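Note that these values count all heavy atoms, side chains included, but never hydrogens, waters or copies made by symmetry. Just so it is clear, the structure is predicted and the values come from calculations on it, not from any experiment.
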Amino acid sequence: MSDLAADWFGSAPRVVVKVGSSSLTTPQGAIDPDRIQSLVDALAGVRAAGREVVLVSSGAIAAGISPLGLKRRPRDLATQQAAASVGQGLLVAHYTRRFLEHGWRVGQVLLTVDDVTRQGLYRNAYRTLAKLLDFGVIPIVNENDTVATHEIRFGDNDRLAALVAHLVHADALVLLSDVDALHTDHPSRPGARRIPEVADATELAGVDISRTGSAVGTGGMVTKVQAAEIATSAGIPTLLTSAANAASALSGADVGTRFAVTGKRRPTRLLWLQHASYTAGQLHLDAGAVRALVERNASLLPVGITAVEGEFSAGEPVNLVTPEGAVTARGLVGFDAADLRRMIGKDSRELLSALGEDYEGVAVHRDVLVILNRHREKS
């Protein structure tokens with residue numbers, strides 16, 4: 001067990017806080033002003049202590065349910081996006097008004113997967129967040145549900161929060177929900193005990209974390225544990241607790257479940273790429289190409305590609321697949337799908353002759369490639 005102290009979360013200079021929809025709304029799905037006020041009071045206290053905070057807030061779709069006359073969270077994408085369009089403004093208006101009561105300004109940042117996987121866009125996302133913090137503004141981050149599709153989305157704000165924490169070089173991540181901590185059994189059962197610290201997620205193999213989300217949220221304990229794994233693998237300690245415990249957690253009280261660091265900080269884009277829920281296609285590789293990627297940290301050349309699956313453009317994320325069908329890596333592809341199909345099996349000399357001096361020779365450069373599975377082919 002590590003020696004991660006609870007009071008670290010009460011002193012971390014820059015902290016990312018994620019709050020779920022169920023922690024901001026009434027049982028009927030409408031925004032609950034009292035819950036927002038309680039959260040804002042806690043975060044304003046962090047800022048007043050000279051610490052920086054980034055808020056990743058769910059709730060846009062939930063906030064739009066009541067104004068649109070809906071009885072429950074919509075299932076179809078178009079209605080979800082309509083609800084998000086109405087609800088996002090209402091949600092930010094609540095935050096703006098209440099933070100101003102404490103003397104703090106907020107800035108809204110809406111992200112899509114494209115914003116954090118395409119080379120130019122993820123740098124822009126970082127610069128925007130960094131500049132807001134420089135101005136003393138509290139960034140309020142959410143997925144851009146109004147335009148994101150099922151295929152091009154993070155999937156839940158827990159994952160988004162972990163990636164934002166890495167993007168802004170946070171010192172800690174706090175995940176707030178309607179559950180006060182992980183327990184050895186379902187909290188409602190006699191004998192269930194709080195798990196104060198997790199040194200490695202493998203310790204949770206015998207713990208039931210399958211509790212589903214609320215009627216207005218999308219996540220549950222599984223997504224929060226996954227988010228904690230993402231953050232801690234990148235060197236960011238993580239705390240899971242309830243929104244009711246926000247002030248206590250951020251002042252260093254021993255509440256919730258702490259997840260200790262398991263890895264080191266690494267290049268931002270590679271972490272985002274590894275955990276992106278969206279890929280545009282797949283490149284099937286021969287055994288030699290797999291060995292070159294995994295064992296020699298090489299770039300992928302067109303000669304090692306045996307098949308191209310999907311329709312994608314240069315710069316989009318694709319999976320790299322072994323001859324056995326296992327996804328071994330993911331990277332940002334250097335060519336459109338149609339161009340790559342014409343290059344399959346051709347070596348660099350042939351391609352240089354056919355395409356001229358502008359041909360750079362790399363299908364996926366090693367600098368924009370992350371190994372997912374250290375699978376090694378047999379000779």
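Looking at Ile195 and Thr184, their side chains come closer than 4.5 Å, going by heavy atoms from C-beta outward. Side-chain contact check for Val53 versus Arg47: some heavy-atom pair is nearer than 4.5 Å. Leu250 is not listed as a side-chain neighbour of Phe9, based on a closest heavy-atom distance of 4.5 Å or more. Between Pro317 and Val368, every side-chain heavy-atom pair lies at or beyond the 4.5 Å cut-off. Put simply, the side chain of Val54 reaches to within 4.5 Å of the side chain of Val141, judged on heavy atoms. Within the 4.5 Å cutoff, the side chain of Glu143 has no heavy atoms near those of the Ser58 side chain. You'll find the side chain of Ile230 reaches within 4.5 Å of the side chain of Leu163, heavy atoms only. For the pair His166/Ile236, a side-chain contact is recorded, criterion being any heavy-atom separation below 4.5 Å from C-beta on.
Without hydrogens or angle criteria, Ser299 side chain to Arg366 main chain gives a donor-acceptor distance under 3.5 Å. Between the side chain of Thr96 and the backbone N or O of Val92, at least one donor-acceptor pair lies under 3.5 Å. A donor-acceptor distance shorter than 3.5 angstrom exists from the side chain of Arg51 to the backbone of Gly10, with no hydrogens or angles considered. Between the Asn245 side chain and the Ser248 main chain, no donor and acceptor come within less than 3.5 Å of each other. Side-chain atoms of His365 come within 3.5 Å of backbone atoms of Asp367 as a donor-acceptor pair (strictly under, hydrogens ignored). Trp8 places no side-chain N or O within donor-acceptor distance of the main-chain N or O of Pro237, the cut-off being under 3.5 Å. Using a distance-only test at 3.5 Å, with no hydrogens or angles considered, no donor-acceptor pair links the side chain of Gln81 to the main chain of Ala78. Judged by distance alone, with hydrogens and angles left aside, the side-chain atoms of His183 form a donor-acceptor pair with the main-chain N or O of Ala181 at under 3.5 Å. Looking only at distances, a side-chain donor or acceptor of Thr128 sits under 3.5 Å from a matching main-chain atom of Asn124. Remark: the backbone N or O of Arg75 is not paired with any side-chain donor or acceptor of Thr79 at under 3.5 angstrom.
Considering every non-hydrogen atom in both Ser23 and Asp178, the closest pair reads OG-N, 3.8 Å. Residues Ile305 and Ala363 come closest through the heavy atom pair CD1-CB, 3.9 Å. A pairwise comparison of heavy atoms in Ile65 and Pro74 identifies CG1-CD, 4.4 Å as the closest pair. Contact detail for Val16 and Ala161: the closest heavy-atom pair is CG1-O, 4.0 Å. The two atoms that bring Leu332 and Gly315 nearest to each other are CD2-O, 3.7 Å, heavy atoms only. In terms of heavy-atom proximity, Val321 sits nearest to Val327 at CG2-CG2, 4.3 Å.
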- Message: As a quick check of understanding, evaluate side-chain hydrogen bond (donor to acceptor under 3.5 Å, both in side chains) for Asp41 and Gln37, giving each step before the final call.
- Response: CA-CA 6 Å; Asp41 290 345; Gln37 186 70 62; 3.0 Å; yes
- Task: Might you work through the side chain to side chain contact (heavy atoms under 4.5 Å, CB included) test for Val15 and Val46, ending with a clear yes or no?
- Result: CA-CA 9 Å; Val15 59; Val46 173; 4.2 Å; yes
- Task: Please test Ile140 against Asn142 for side chain to side chain contact (heavy atoms under 4.5 Å, CB included), starting from the C-alpha separation and ending with a verdict.
- Result: CA-CA 7 Å; Ile140 299 179; Asn142 196 359; over 6 Å; no
- Can Arg330 and Asn319 be said to form a side-chain hydrogen bond (donor to acceptor under 3.5 Å, both in side chains), step by step? CA-CA 4 Å; Arg330 182 175 296 147; Asn319 285 332; 2.9 Å; yes
- For Trp104 and Val137, run side chain to side chain contact (heavy atoms under 4.5 Å, CB included): C-alpha distance rounded to whole Å, both residues' side-chain angles, the deciding distance at 0.1 Å, then the answer. CA-CA 7 Å; Trp104 301 108; Val137 172; over 6 Å; no
- Task: Mind running side chain to side chain contact (heavy atoms under 4.5 Å, CB included) on Val17 and Leu43 for me, showing each step along the way?
- Result: CA-CA 9 Å; Val17 177; Leu43 299 183; 3.9 Å; yes
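Residues satisfying the ring-ring contact (aromatic ring centres under 6.0 Å, His included) criterion with Phe312, sequence neighbours excluded, are absent altogether. With sequence neighbours left out, Arg35 forms a salt bridge (Lys or Arg N to Asp or Glu O under 4.0 Å) with Asp32.
When each of Thr241, Thr238, Asn157 is tested with Leu175 by the rule side-chain contact (heavy atoms from CB on, under 4.5 Å), just one qualifies, namely Thr238. Each of Asp339, Thr279, Val318 was checked for a side-chain contact (heavy atoms from CB on, under 4.5 Å) with Val333, and the lone residue meeting it is Val318.
Between Leu132 atom CG and Ile138 atom CD1 the span is 11.0 Å, to the nearest 0.5 Å. To the nearest 0.5 Å, atom CD1 of residue Ile61 and atom CG of residue Leu68 are 11.0 Å apart. A distance of 12.5 Å separates CG in Leu39 from CG in Asp34, rounded to the nearest 0.5 Å. Rounded to the nearest 0.5 angstrom, Leu24 CG and His94 NE2 are separated by 10.0 Å. The CZ atom of Arg258 lies 14.0 Å from the OG1 atom of Thr232; values are rounded to the nearest 0.5 Å. Arg194 contributes atom CZ, which lies 10.5 Å from atom CG of Leu182 (distance to the nearest 0.5 angstrom).
Crowding of Arg14 atom CZ: a count of heavy atoms from other residues, nucleotides or ligands under 6.0 Å exceeding 12. Counting non-hydrogen atoms of other residues, nucleotides and ligands closer than 6.0 Å to CZ of Arg105 gives a total of 12 or fewer.
With respect to the salt-bridge test (charged N to carboxylate O, under 4.0 angstrom), the residues Asp158 and Lys224 qualify. Salt bridge absent: Arg342 and Asp336 never bring a charged side-chain N and a carboxylate O closer than 4.0 Å. A salt bridge is absent between Arg159 and Glu229: the closest approach of a Lys/Arg side-chain nitrogen to an acidic carboxylate oxygen does not fall below 4.0 angstrom.
Val255 and Val179 fall into different hydrophobic clusters, where Ile, Leu, Val, Met, Phe, Trp and Tyr residues are linked whenever their side-chain heavy atoms come under 4.5 Å apart, directly or through other members. Leu100 and Leu91 fall into different hydrophobic clusters, defined by Ile, Leu, Val, Met, Phe, Trp and Tyr side-chain heavy atoms under 4.5 Å apart, directly or through other members.
Taking the six-membered ring for Trp and the full ring otherwise, the centers of Tyr126 and His169 sit less than 6.0 Å from each other.
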